[in-house]
Amino acid sequence: MRFLTFIYLLFLSTFAIAQDTDRKIQFPDVDGYKTLKCDLHIHTVFSDGTVWPTIRVEEAIKDGLDAISLTEHLEYQPWSADIPHPDRNRSYIIAKEAAKAHDLMIIHGTEITRQLPPGHANALFIEDANKILKKEAIDAYTEAHNQGAFVFWNHPNWVNQEKDGLPQLSDFHKELIEKDYLHGIEVVNDLTYSEGALDIAQKNNLTVIGTSDIHGLIDWQYDIPEGGHRPVLLVFGEERSIESIREGLFAGRTIAWYYNILVGNEEVMNPLLDACLQFKSKGYFGNSTALEIEITNTSDARFMLFNESAFEFYEHNDLIEVQPHSSRIIRVLVDSVDSDSITLNFKVMNAVIGKKKNATIDVTFDR
Ligand code: ZN
């Protein structure tokens, strides 16, 4: 009887854990760094969002995030008749208080909100948002810089501001980069992805950023009950701290995670792919000379690997999918080569490292 109770409780707790962790965004740590899941562009009723800051804290905890920043528009306050907002730091202060009892870091941020150029930009790790509220855009950027902020250009592809959806680096932006006032650019914003923004990031050494820019509810916007997730930024930090996130952002160690796509620079992407995917030879299949390779995926991404080697597979064509948090076997027909080892080359269709460019993985096995 006691044993049955134990089994029953075990079943219940397993079920509870499975339910609880299901929506949490999970990527493994990489060699030498912690993988920190961040959403650095979020709104509340303290600008044009529709929820109180505490809801943002609860959503982030449900999603298993490490850090968020509430980045209220400094200059755009549509609810000010109902919610007067003389202190632009209130959203941060309320969220920080709500996060106290939890393992969630709150980064002090704000959104500098202008027409193009320079458009909208988020300033993070600030000291006082009120002081960044200035008449001239350049003065706002200068103040953010003086506060030691990391600043990124928001949704440069936004069709409300850039009609054709193709980001253009203006002279104003070039000046900001020159002065070290601008450090990153959103390649992913909410439901959009911009290849042009990725190109600007890589040509100007700006950090790749992906954010939700959520105004309503995360659950509704990203179909969480159906298995969706908000866009997040993976920041690779030496430790789990706000200072490490800051250092990782300035160093450009980021990958944006959007739908099933990972986006970032090759030197950051490769260690992440190494951490997410393991390849293991299981020997020959039965009496055949087909080599069994087990592929294990320890991340939330559904990996799509395209075989670019000359080898054929026994059951599959060249496109191999590896589901999140699972393993699968592929059987490689290797008898056509006369060598002690074989190398498989895959193009990772869901890992983007540049304009029209995907990450690649080469794995070598003994025969
Ligand atoms: Zn925004």
Side-chain angles (χ1 to χ4, degrees), residues 39-43 47-49 69-78 88 107-126 128-215 231 233 249-250 252 254 256 258 263-265 354-355:
D39 189 352
L40 305 174
H41 190 168
I42 290 178
H43 296 278
S47 58
D48 59 344
S69 186
L70 306 189
T71 50
E72 312 296 355
H73 297 286
L74 280 173
E75 304 87 345
Y76 183 53
Q77 297 277 315
R88 298 293 199 276
I107 295 167
H108 198 175
T110 194
E111 182 161 6
I112 303 165
T113 315
R114 305 289 165 136
Q115 294 301 312
L116 274 175
H120 297 191
N122 279 359
L124 306 179
F125 315 102
I126 59 170
D128 184 355
N130 299 315
K131 289 186 180 155
I132 303 173
L133 183 54
K134 303 276 192 193
K135 194 160 171 284
E136 301 298 331
I138 190 67
D139 295 337
Y141 280 84
T142 305
E143 176 58 29
H145 178 80
N146 290 343
Q147 292 188 20
F150 175 90
V151 180
F152 60 91
W153 181 9
N154 297 341
H155 44 69
N157 58 327
W158 189 29
V159 289
N160 285 21
Q161 285 193 329
E162 193 69 82
K163 205 174 169 188
D164 60 9
L166 299 169
Q168 292 296 322
L169 196 71
S170 67
D171 287 340
F172 197 122
H173 291 107
K174 286 175 192 161
E175 185 192 334
L176 293 174
I177 293 169
E178 184 88 358
K179 287 185 157 143
D180 196 29
Y181 286 5
L182 186 66
H183 314 102
I185 181 171
E186 280 184 345
V187 170
V188 168
N189 174 280
D190 188 15
L191 304 175
T192 73
Y193 161 73
S194 173
E195 195 176 61
L198 178 61
D199 203 41
I200 289 174
Q202 294 185 326
K203 285 181 175 148
N204 297 277
N205 201 23
L206 296 175
T207 298
V208 170
I209 304 286
T211 70
S212 73
D213 196 0
I214 188 72
H215 288 73
L233 190 66
L249 286 170
F250 274 108
T254 62
Y258 168 73
V263 193
N265 293 327
K355 199 169 180 169

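Start at 1 with the first residue, then count along the sequence.
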Which heavy atom in L74 sits nearest to a heavy atom in A129, and how many Å separate them? CD2-O, 3.5 Å

Which heavy atom of P118 sits nearest a heavy atom of L176, and at what distance? CB-CD1, 4.1 Å

Taking salt bridge (Lys or Arg N to Asp or Glu O under 4.0 Å) as the cut-off, I'd like each qualifying pair that reaches into residues 189-203, sequence neighbours left out, listed once. E195-K356, D199-K203

Which heavy atom of E186 sits nearest a heavy atom of P156, and at what distance? O-CD, 3.3 Å

Hey, could you give me the CD1/CG distance between I214 and L70, rounded to the nearest 0.5 Å? 12.5 Å

Does any part of the side chain of L169, heavy atoms only, come nearer than 4.5 Å to the side chain of W153, both counted from C-beta? yes

Go through the steps to decide whether D213 and N154 satisfy the test side-chain contact (heavy atoms from CB on, under 4.5 Å), and finish with yes or no. CA-CA 9 Å; D213 196 0; N154 297 341; 5.9 Å; no

Evaluate the criterion side-chain contact (heavy atoms from CB on, under 4.5 Å) for residue pair L249 and F125; output intermediate values, then yes/no. CA-CA 11 Å; L249 286 170; F125 315 102; 3.7 Å; yes

Kindly indicate, with the supporting measurements, whether the criterion side-chain contact (heavy atoms from CB on, under 4.5 Å) is fulfilled by T192 and H155. CA-CA 8 Å; T192 73; H155 44 69; 5.6 Å; no

Quickly, which of R88, E111, H73, H215 forms a side-chain contact (heavy atoms from CB on, under 4.5 Å) with S47? Name it, please. H73

From CA spacing to verdict: side-chain contact (heavy atoms from CB on, under 4.5 Å), N189, W158: CA-CA 9 Å; N189 174 280; W158 189 29; over 6 Å; no

Hey, could you give me the CG/OH distance between L182 and Y141, rounded to the nearest 0.5 Å? 6.5 Å

What verdict does the side-chain hydrogen bond (donor to acceptor under 3.5 Å, both in side chains) test give for N265 and Q202, after you've listed the backbone C-alpha separation in whole Å, the side-chain angles of each residue and the deciding distance to 0.1 Å? CA-CA 8 Å; N265 293 327; Q202 294 185 326; 2.8 Å; yes

Looking at every non-hydrogen atom in both residues, tell me the closest pair between A144 and V151 and how far apart they are. CB-CG2, 4.2 Å

T211 side chain reached by D39 side chain, heavy atoms, under 4.5 Å: yes

Determine whether L198 and Y193 make a side-chain contact, defined as any pair of heavy atoms from C-beta on separated by less than 4.5 Å. yes

Could you list all the side chain to side chain donor-acceptor pair (under 3.5 Å) pairs where at least one residue sits in residues 173-183, not counting sequence neighbours? S170-H173, E175-K179, D180-H183

Do Q168 and I200 have side chains that approach each other closer than 4.5 Å (heavy atoms only, starting at C-beta)? no

What's the shortest heavy-atom distance between A137 and F172, and which atoms? CB-CZ, 4.0 Å

Nearest heavy-atom approach of T71 to L40 is CG2-O, 3.6 Å

Side-chain H-bond candidate by donor/acceptor type, N122 with S69, under 3.5 Å: no

For residues 133-156, which residue pairs qualify under salt bridge (Lys or Arg N to Asp or Glu O under 4.0 Å), counting only residues two or more places apart or in two chains? none

Please determine whether the number of non-hydrogen atoms from other residues, nucleotides or ligands lying under 6.0 Å from atom OH of Y76 exceeds 12. no

Would you say that more than 12 heavy atoms from the other residues, nucleotides or ligands in this model lie under 6.0 Å from the CG of N160, or not? yes

